[in-house]
Chemist: 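Pasting a structure below so you can have a look.
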Amino acid sequence: MKNSPSLDDQVEMYRKMILVRRLEEAFGALSKEGKTRGPIHRCDGQEAVGVAATAMLGADDYLTSTHRGHAHYVGKGVDLHGIAAEILGRSTGLCGGRAGHMLVADVEKGMIGGNAIVGAGIPAATGMALSNQVLGNDRVAMTIFGDGASQTGIWHESLNMAALWKLPVVYVLEHNEYGLTVHSSRQGPTEDLSTRAAAYGIPTAIVDGNDAIAVYRAVAEMVDRARRGEGPGFVECKTYRWEGFSTSDMGGYQDPETIAEWKKRDPIEIARAALSGHIEDAKLDVVRTQAEEEVQAAMARALADPLPEFEECAYTRPYSEVL
Amino acid sequence: MKNSPSLDDQVEMYRKMILVRRLEEAFGALSKEGKTRGPIHRCDGQEAVGVAATAMLGADDYLTSTHRGHAHYVGKGVDLHGIAAEILGRSTGLCGGRAGHMLVADVEKGMIGGNAIVGAGIPAATGMALSNQVLGNDRVAMTIFGDGASQTGIWHESLNMAALWKLPVVYVLEHNEYGLTVHSSRQGPTEDLSTRAAAYGIPTAIVDGNDAIAVYRAVAEMVDRARRGEGPGFVECKTYRWEGFSTSDMGGYQDPETIAEWKKRDPIEIARAALSGHIEDAKLDVVRTQAEEEVQAAMARALADPLPEFEECAYTRPYSEVL
Amino acid sequence: MAKLRYAEALNTALREEMTRDPSVFLFGEDIGTYGGVFKVSKGLMEEFGEIRVRDTPISEQALTAMAVTAAMTGTRPVLEIMYADFLPLSLDALINQASIYEYIWKEQVQMPFVLRTQGGGGAGAGAQHSKALDALVAHIPGLQVVAPVTPSDARGLLKAAIRDPRPVIFLEHKLLYNTRGEVDLEDEGLIEIGKARTVTEGTDVSIFATSKMVIEAEKAATLLAADGISAEVIDLRSLRPLDAAAIQLSVAKTNHAVVVNEGWKFCGYAAEISATIMELCFDDLDAPVARVTLPDMPVPYSQPLEDAVLPNAEKIAAAARATLG
Amino acid sequence: MAKLRYAEALNTALREEMTRDPSVFLFGEDIGTYGGVFKVSKGLMEEFGEIRVRDTPISEQALTAMAVTAAMTGTRPVLEIMYADFLPLSLDALINQASIYEYIWKEQVQMPFVLRTQGGGGAGAGAQHSKALDALVAHIPGLQVVAPVTPSDARGLLKAAIRDPRPVIFLEHKLLYNTRGEVDLEDEGLIEIGKARTVTEGTDVSIFATSKMVIEAEKAATLLAADGISAEVIDLRSLRPLDAAAIQLSVAKTNHAVVVNEGWKFCGYAAEISATIMELCFDDLDAPVARVTLPDMPVPYSQPLEDAVLPNAEKIAAAARATLG
Ligand SMILES: Cc1ncc(C[n+]2csc(CCOP(=O)(O)OP(=O)(O)O)c2C)c(N)n1
Ligand SMILES: Cc1ncc(C[n+]2csc(CCOP(=O)(O)OP(=O)(O)O)c2C)c(N)n1
Ligand SMILES: [Mg+2]
Ligand SMILES: [Mg+2]
């Protein structure tokens with residue numbers, strides 16, 4: 001089928017989803033022990049979106065993300081230890097601990113970056129696509145954002161301009177049914193949100209967000225179009241948030257049965273099932289084990305890393321005064 | 001036909017359109033003589049939208065407008081001399097000269113108000129509709145805005161909430177093909193803009209904006225729905241701006257032939273043609289003459305009125321310091 | 001007297017005002033079913049229904065504009081903006097709309113709305129969730145801005161704000177919600193907007209502080225007392241309008257002033273207070289007014305970095321000592 | 001030397017920089033076909049094409065955010081925001097995005113963009129089109145803010161701003177576009193951001209002014225000279241970073257200072273300058289620093305009302321006289 005991921009791509013996506021899941025679990029556990037700082041937004045159960053949507057991008061392509069970006073970071077090839085250390089505020093973190101988990105950026109990997117202002121990643125990627133058009137290169141910009149972010153006005157201003165100017169940008173909606181604690185049915189009048197993109201004449205697709213292959217195919221088509229100069233595309237990925245909004249969520253508003261239903265559709269298991277028959281189970285087990293070990297090693301190293309000293313990162317011009 | 005204006009309504013709309021046209025012409029002439037202050041945005045050729053869209057509203061219903069609000073003001077029943085005096089900065093103006101022509105408000109008439117921030121009238125009416133819903137009254141809020149305003153993010157945030165909460169608000173798009181000097185084809189990728197409202201499940205209609213009866217019918221249906229608690233409606237009125245953007249427009253970007261074509265479809269003539277056969281020409285001539293005299297009288301009086309003294313309108317709390 | 005958490009005091013104020021006046025309604029993100037991310041509106045949707053307590057989409061710009069016009073047309077909206085960092089999204093509605101109408105429309109309208117939000121650092125929330133943007137809103141004519149520190153003030157000022165005929169920006173602090181204090185629930189407890197509160201009397205130096213910085217200033221006063229310096233701590237409480245009389249009285253006594261605000265320094269709220277003190281008390285001042293603020297940079301995430309940039313008791317005490325020469 | 005209108009000087013700067021550097025591009029409302037409502041970009045779309053000179057929809061919020069990230073990825077965008085009154089719509093992009101990235105991302109990125117806009121009153125444009133919101137942008141760390149008054153400075157600062165690796169907010173004034181002045185087109189003419197300009201030397205009182213208020217200050221100096229008062233007029237020109245050395249030197253000489261800014265007073269730009277002068281020059285000051293600003297209210301439309309509220313030469317001279325006692 002057109003735009004299908006190769007078997008290698010599929011294994012890599014499987015591996016990366018495991019990296020993300022284990023990372024989320026590790027931080028969930030640390031948080032319960034009181035060893036993390038600030039809220040952490042886990043994406044357990046949604047890994048297929050971030051990992052598969054970014055799988056066909058090069059390091060030259062740009063990605064912008066949200067407060068819930070771990071799968072996006074890993075998908076875009078950002079170093080796992082660098083992410084873990086940043087989340088832990090270590091000086092070895094990708095941003096030296098200045099950014100924290102919601103704002104990770106790695107320019108070399110085209111990940112610029114996480115964003116904790118809901119909706120802000122959308123014009124950000126659109127501006128990068130504008131830059132690509134002005135420079136005449138063939139880079140594509142992508143932004144992954146939530147159903148909640150789709151209610152912001154800046155979403156619309158951005159999509160309008162992208163469609164008008166045929167900018168090379170791909171919009172990936174990670175629809176997990178919740179904007180913080182409010183169900184999407186109480187944030188907007190329609191179930192699908194991509195109809196709004198269609199109103200600008202932007203090609204849209206709706207896919208099962210827990211099926212990495214489906215996400216990959218739909219997004220790859222849009223990326224190709226964008227790279228060919230045919231303008232923006234929009235993919236709505238339907239998924240669900242297993243964990244609370246963040247580690248500080250007090251819960252009580254998600255239905256346990258719905259969570260249980262969705263857990264039956266674990267994106268990692270779906271990816272694995274698609275591979276079995278093509279690749280031996282034992283080989284896939286090795287992939288999994290190695291991924292798990294990689295997370296453990298990254299976490300252990302990050303936890304042992306030093307916190308930054310303020311002097312290393314005091315800052316002057318254009319900040320007119322520091323301390 | 002359902003929701004059709006009565007003959008009396010039609011005559012009244014005819015009369016009000018003449019009031020507006022003569023007002024625009026009077027200000028155009030004064031401006032050429034250097035006797036006005038600041039830019040004035042005329043609506044010659046677009047009168048049917050503002051006049052007909054508001055014809056079925058009561059004084060209890062709310063209307064918000066734009067920088068190009070003269071037809072909206074007159075449609076909503078605001079006193080002509082009060083408008084003229086405000087545009088001339090006189091102390092007898094509806095706002096004592098503090099507001100100027102872009103910001104006229106007359107709370108008793110439900111006109112609150114003009115707005116020179118493009119797009120700002122849209123959440124304004126939506127907020128009034130929210131207030132109506134909270135208070136449980138049966139007032140309707142309406143906002144008239146342009147094609148340019150339809151590119152602002154706040155348009156979308158507002159329409160989403162109106163649809164979600166079934167607010168009693170009617171959105172009337174006065175599509176005159178230009179946002180300042182930029183043609184609508186260079187502001188957005190699609191010819192019709194109401195498709196965007198449809199993406200929120202809001203009922204929409206597209207009408208000939210130069211035909212007062214067509215505007216009236218479409219809008220009246222939406223007003224009725226809104227009043228019945230069935231939620232917002234959206235009417236896109238296709239029209240054209242004969243004059244430049246404002247009295248300070250240096251021109252050069254509108255095609256004279258297109259203007260000439262549109263002038264053949266003068267909304268005042270269309271309204272008159274619809275009446276002829278039902279009402280004697282002589283009677284309609286009297287209506288016209290009286291309207292023209294009303295404008296002359298209002299202008300003459302306003303021009304003779306005094307300018308305000310600052311002391312009358314210095315202002316203290318909550319403004320912490322004045323002069 | 002009840003001992004309430006700050007968040008509970010606010011909750012009480014909302015309940016009291018909603019009970020008293022049916023035109024009061026609440027809206028904002030996550031304030032309904034969940035009761036607000038800081039639980040300030042806990043239980044109110046159950047009590048007052050979904051029309052008067054409304055969860056909203058993430059649309060701060062329109063929400064603020066809607067609060068302005070809803071207030072103009074018969075209701076008293078109380079809008080929660082989850083973080084002060086999002087105030088820029090509210091600013092067109094505040095600067096170009098709320099600020100102008102009463103005057104420009106010749107007193108035809110009033111806008112009795114309250115915009116509640118919370119700002120400030122110390123929670124590891126990062127550069128986009130830790131700012132105190134007081135200066136942005138305090139700059140706007142026609143708005144009143146308050147920032148209560150004690151639970152009792154929180155209740156009293158919120159009730160006053162809801163009853164006020166004009167817009168009030170109500171600034172809370174994420175690290176205050178769990179602090180406790182006495183609240184006299186028998187008393188109506190209204191607090192007049194525009195009046196400062198003397199926290200500690202003193203004779204050597206006046207420390208004017210806002211929001212959570214008042215607590216740091218109190219601690220600084222203790223540190224200074226150990227050095228034999230008597231500091232007077234004043235909680236400005238009403239950032240706009242300002243209690244100029246209280247400022248003058250205090251500086252006339254101490255001849256030295258330190259201003260503490262958690263926002264940025266350059267063009268920040270502390271600049272206004274510093275300039276005002278200099279204008280009002282020029283002859284009384286023995287030294288320049290000192291400002292203790294966030295440095296002019298983003299709030300970093302990692303604990304040692306965030307600790308280094310936030311104003312605190314030690315920095316305030318050091319500024320006071322420097323002022324005394 | 002050519003005598004150019006201010007708008008022409010800006011146009012020249014844009015053309016020079018676009019010719020020099022293909023990564024410079026312009027976008028904004030009505031800047032292309034029409035050449036900008038103040039005709040600053042006249043002829044540039046014809047010359048550089050529609051990709052590099054782009055008319056945009058009315059979407060200030062996204063446009064500003066896009067300037068930030070376009071600047072991060074290899075281009076040098078120059079965005080025109082038609083009126084400073086619309087800056088609130090740009091503010092999330094400036095405060096929560098542009099302000100933070102270079103620091104938070106550990107210097108991985110720079111953002112060489114310029115946001116041009118124009119503010120101020122005097123044209124009968126009403127409360128939503130007459131404001132000087134300098135304080136809003138000057139408050140933001142990581143941004144530089146300039147406000148040239150002469151055509152020569154307009155060209156030189158715009159060229160410097162476009163070449164600067166960091167964001168620059170470029171403030172023009174609607175009543176300056178038609179003013180004329182000498183511009184040396186033979187010379188590159190770059191002007192360093194961060195340096196004030198002495199307009200008139202004097203010994204009795206220092207008047208620090210911004211944007212069009214510099215012209216009013218010059219007129220005030222003439223009025224004062226008639227009274228035998230020698231005023232030194234300094235054009236701050238770079239609102240941020242501030243030329244503290246120039247301020248200190250001048251006040252050391254005159255011992256009296258007046259600050260003039262067309263924005264609101266409370267928490268306004270003048271408050272920062274006033275506080276800074278007091279901090280830097282406390283022992284030199286013989287009187288409190290005076291502020292001359294727009295009063296804290298909306299700009300009314302009608303001529304006598306607008307005239308009454310705008311700061312002008314008479315008010316500046318009066319403040320200077322009062323300062324001298
Ligand atoms: C402008 C803005 N408003 C509100 C918030 C608070 N907030 C953070 S995440 C969030 C929900 C976002 O929902 P969605 O976009 O669906 O992302 P998800 O959390 O589901 O991944 C909210 C309201 C914010 N960070 N920024
Ligand atoms: C937020 C904002 N951006 C830009 C402007 C400048 N401006 C005034 S009117 C206008 C065009 C509006 O177009 P449209 O909504 O179609 O109204 P029309 O003038 O055609 O009636 C523009 C760009 C403004 N007033 N407000
Ligand atoms: Mg979501
Ligand atoms: Mg138009």
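First the proteins, then the strands, lettered A, B, ... as listed; each starts at 1.
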Chemist: Would you mind telling me which of Ala125(B), Gly96(B), Ala124(B) has the largest number of heavy-atom pairs within less than 4.5 Å of chain C?
Modeler: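 Ranked by heavy-atom pairs under 4.5 Å with chain C, first place is Ala124(B).
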Chemist: Is there a side-chain contact between Leu130(B) and Phe25(C) in this structure, where contact means two heavy atoms from C-beta onward sitting under 4.5 Å apart?
Modeler: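 Contact flag for Leu130(B)/Phe25(C) side chains = yes.
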Chemist: On a heavy-atom basis, which atom in Glu157(B) and which in Glu60(C) lie closest, and how many Å separate them?
Modeler: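 So the two residues come closest at OE1-N, 4.2 Å.
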Chemist: Sort Ile112(B) into side chain, backbone, both or neither according to what part of it lies under 4.5 angstrom from a heavy atom of chain C.
Modeler: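 Both the backbone and the side chain of Ile112(B) come within 4.5 Å of chain C.
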Chemist: Could you measure the distance from the CH2 atom of Trp165(B) to the CD atom of Glu50(C)? Nearest 0.5 Å is fine.
Modeler: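 Separation between the atoms: 11.5 Å.
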Chemist: Ignoring hydrogens and angles, tell me if any N or O in the side chain of Gln108(C) forms a donor-acceptor pair with the backbone of Ala105(B) under 3.5 Å.
Modeler: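 Yes; judged by distance alone, with no hydrogens or angles, the pair exists.
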Chemist: Looking at every non-hydrogen atom in both residues, tell me the closest pair between Val107(B) and Val109(C) and how far apart they are.
Modeler: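 Shortest heavy-atom separation between Val107(B) and Val109(C) comes out as CG2-CG1, 3.5 Å.
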Chemist: Side chains of Trp105(C) and Asp106(B): closer than 4.5 Å at any heavy-atom pair?
Modeler: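 No, too far: nothing below the 4.5 Å cut-off.
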Chemist: Quick one: what part of Thr56(C) sits under 4.5 Å from any heavy atom of chain B, side chain, backbone, both or neither?
Modeler: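 Both parts, heavy atoms under 4.5 Å.
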Chemist: Go through the atoms of Gln97(C) and report whether side chain, backbone, both or neither lie under 4.5 Å from a heavy atom of chain B.
Modeler: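 Contact with chain B involves the side chain of Gln97(C) alone.
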Chemist: To the nearest 0.5 Å, tell me how far Leu63(C) CG sits from Thr126(B) OG1.
Modeler: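 It is 10.5 Å, given to the nearest 0.5 Å.
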Chemist: What part of Asn160(B) gets within 4.5 angstrom of chain C, counting heavy atoms only: side chain, backbone, both, or neither?
Modeler: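 For Asn160(B), the side chain is the part near chain C, not the backbone.
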Chemist: Considering non-hydrogen atoms only, spot the tightest contact between Thr69(C) and Gly127(B) and give its length.
Modeler: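 Looking at all heavy atoms of both residues, the shortest contact is OG1-CA, 3.4 Å.
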Chemist: Nearest 0.5 Å please: distance from the CE atom of Met72(C) over to the OG1 atom of Thr64(B).
Modeler: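 One gets 10.0 Å once the value is rounded to the nearest 0.5 Å.
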Chemist: Tell me the closest heavy-atom pair linking Ser131(B) and Gly74(C), and the distance in Å.
Modeler: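 Between these two residues, the closest heavy atoms are OG-N, 4.3 Å.
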Chemist: Within the 4.5 Å heavy-atom criterion, are Tyr101(C) and Cys95(B) side-chain neighbours or not?
Modeler: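 No, side chains not in contact.
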Chemist: What's the spacing between Arg98(B) CZ and Ile104(C) CD1 if we round to 0.5 Å?
Modeler: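 Here the interatomic distance stands at 8.0 Å.
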Chemist: Is the shortest heavy-atom distance from the side chain of Pro57(C) to the side chain of Met161(B) under 4.5 Å?
Modeler: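 Side-chain contact under 4.5 Å: yes.
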Chemist: Less than 4.5 Å to any heavy atom of chain B: does that hold for the side chain of Ile140(C), its backbone, both, or neither?
Modeler: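 Neither part.
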Chemist: Report, as yes or no, whether the 6.0 Å neighbourhood of atom CD on Glu108(B) holds more than 12 heavy atoms from other residues, nucleotides or ligands.
Modeler: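 Open.
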Chemist: Between Leu94(B) and Lys106(C), is there a side-chain heavy-atom distance shorter than 4.5 Å?
Modeler: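 With C-beta onward as the side chain, the pair stays apart.
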Chemist: Drop me the distance from Asn115(B)'s CG to Asn96(C)'s CG, to the nearest 0.5 angstrom.
Modeler: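 Here the interatomic distance stands at 8.0 Å.
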Chemist: First locate atom OG of Ser59(C), then atom CG of Leu159(B), and finally report the distance between them rounded to the nearest 0.5 Å.
Modeler: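 Ser59(C) atom OG to Leu159(B) atom CG measures 11.0 Å (nearest 0.5 Å).
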